[in-house]
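Residue numbers start from 1 in every chain, and the chains themselves are labelled A, B, ... in the order their sequence lines are given, proteins ahead of strands. Nothing here was measured: the structure is a model prediction, and the numbers come from that model.
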Protein chains: 2
Amino acid sequence: MHTRRRYHHGDLRAALLTRAEETLRERGPAALSLRELARDLGVSHAAPSRHFKDKQALLDALALTGFHRLAQTMTAALEETGESFAERLRAGAHAYVEFATANAELLDLMYAIKHAPEASEELSAASQRWIAQMENLIGDAQRRGEVRDGSLESVGIGVFSSLHGYASLVAGDHLPPEVRAQGLDDLVAYILRGCAPE
Amino acid sequence: MHTRRRYHHGDLRAALLTRAEETLRERGPAALSLRELARDLGVSHAAPSRHFKDKQALLDALALTGFHRLAQTMTAALEETGESFAERLRAGAHAYVEFATANAELLDLMYAIKHAPEASEELSAASQRWIAQMENLIGDAQRRGEVRDGSLESVGIGVFSSLHGYASLVAGDHLPPEVRAQGLDDLVAYILRGCAPE
DNA sequence: ACCTGAACACCGTTCAAGT
DNA sequence: ACCTGAACACCGTTCAAGT
């Protein structure tokens, strides 16, 4: 029992990320401090630097885990639904908005402007993965004749923008209550109109 | 000449906001420090607290100036264009995206989740002003028969979401280059389809 | 009214040193 | 490899005191 944990409880890197996400969710990004994380995990304040070269590196890693979880959520949601574009879009939209509201601060971090140059490559790849996911969805629907012709980009840009914009506005609590109530259903109907064949 | 400025150069509050926006733009939000602002303006580090009760209050005030400038920009853009919905939408979309790219960090701040409770009322009022602006635009277009019937909210939600989402994605550099090139034109066409009468 | 100066309790980061 | 302890140069905030 005493050889299992050498200095701390096993995997400091993972523990830091987990704890960081908790405080991010509970007390916001401004409250995130490396020293406090170290204190909470019973480790010296210099220990985190073994795993993250600086604070930004930890934030970048946190954002990356967010994208991975988002991709999983989306995939799971799309597997559990029907084949029609309307059903798949609705499922995807619900999953994205649910993730956004359940992880509002993390979503902010994921799409934050300031990322370290080293991490930004990995991060933008991750952010473009769900764009690709949506593009696949659109491509399939085009082949089924449920979405208008045109390049994936030209049809997709509206879908990404609508979904991301709505999720951001809802997560940030920037929509008046009248809009929020029926909002997602209205949005899906609007997206379907924007995608409908001519 | 020596009675004009007592301790500093006249209006510390305005000077703080101006300087803060400069460093926000040039070095990002993490680089914003009250002490450095005070140093730059040749004033003691405790002076800012006379005008902003804490750092968050300064950030909130900065976000508010952003909303005011955005509203001005939008109004100006809409005054210089034609009467058709297509023209007005295009003008508004261009203005919003231009503002977003020219003030990317500020936009992040404006829509940040974490605002002080006292300021959030004023801020959400400001954020809902441009939503109202868009709703007016939509209402006018409905009366002209250029936009489908339905409540302003149900038609508007798609327009806000699309515009805000696209602006955020572009400002944050989260769109692949292929998409960015023709993106705004594609987006406007998509929004028009989503709004078109049945 | 508006600002200063000192004080307090925090930060992030680095680096020799320990195991 | 992984972590500690001390050190350095910063922070935000508060508060008596000055003009």
Of the nucleotides [options], which has the atom closest to the [X] side chain?
X       : options                : result
B:His45 : D:dT14, C:dT13, C:dC15 : D:dT14
A:Lys55 : D:dT4, C:dG12, D:dG12  : C:dG12
B:Arg50 : D:dC11, C:dC2, D:dT4   : C:dC2
A:Glu36 : D:dT13, C:dC11, D:dT4  : C:dC11
A:Arg39 : D:dT4, C:dT13, C:dC10  : C:dC10
B:Ser44 : C:dG12, D:dG5, C:dT4   : C:dT4

Measure [atom1]/[X] against [atom2]/[N] and give the value in whole Å, please.
X       : N      : atom1 : atom2 : result
A:Leu16 : D:dC2  : CG    : P     : 13 Å
A:Leu58 : C:dT13 : CG    : C1'   : 14 Å
B:Asp54 : D:dC15 : CG    : P     : 14 Å
B:Leu37 : D:dG12 : CG    : C1'   : 12 Å
B:Leu41 : C:dT4  : CG    : P     : 11 Å
B:Leu59 : D:dG12 : CG    : P     : 10 Å
B:Leu32 : D:dG12 : CG    : C1'   : 13 Å
B:Asp11 : C:dA1  : CG    : C1'   : 14 Å

- Task: For A:Thr75 and A:Gln133, test the side chains for any donor-to-acceptor distance below 3.5 angstrom and give the result as yes or no.
- Result: yes
- Compute whether any side-chain donor of one residue and acceptor of the other, for A:Ser161 and B:Ser162, lie under 3.5 angstrom apart. no
- For C:dC10, the nucleotide meeting Watson-Crick or G-U wobble distances (both under 3.5 Å) is none
- For D:dG5, the Watson-Crick or wobble counterpart (both distances under 3.5 Å): C:dC15
- Query: Which residue, A:Arg35 or B:Ser49, contacts DNA chain D at a nucleotide closer to its 5' end, judged by nearest heavy atom?
  - Reply: A:Arg35
- Hey, could you give me the CZ/CG distance between A:Phe52 and A:Leu62, rounded to the nearest 0.5 Å? 8.5 Å
- Between atom CG of B:Leu187 and atom CZ of A:Phe160, what is the distance when rounded to the nearest 0.5 Å? 11.5 Å
- Item | SB check A:Arg19 A:Glu22 (cutoff 4.0 Å) | yes
- Task: Respond yes when some side-chain nitrogen or oxygen of A:Ser33 is under 4.0 Å from OP1 or OP2 of C:dG12, and no when none is.
- Result: yes
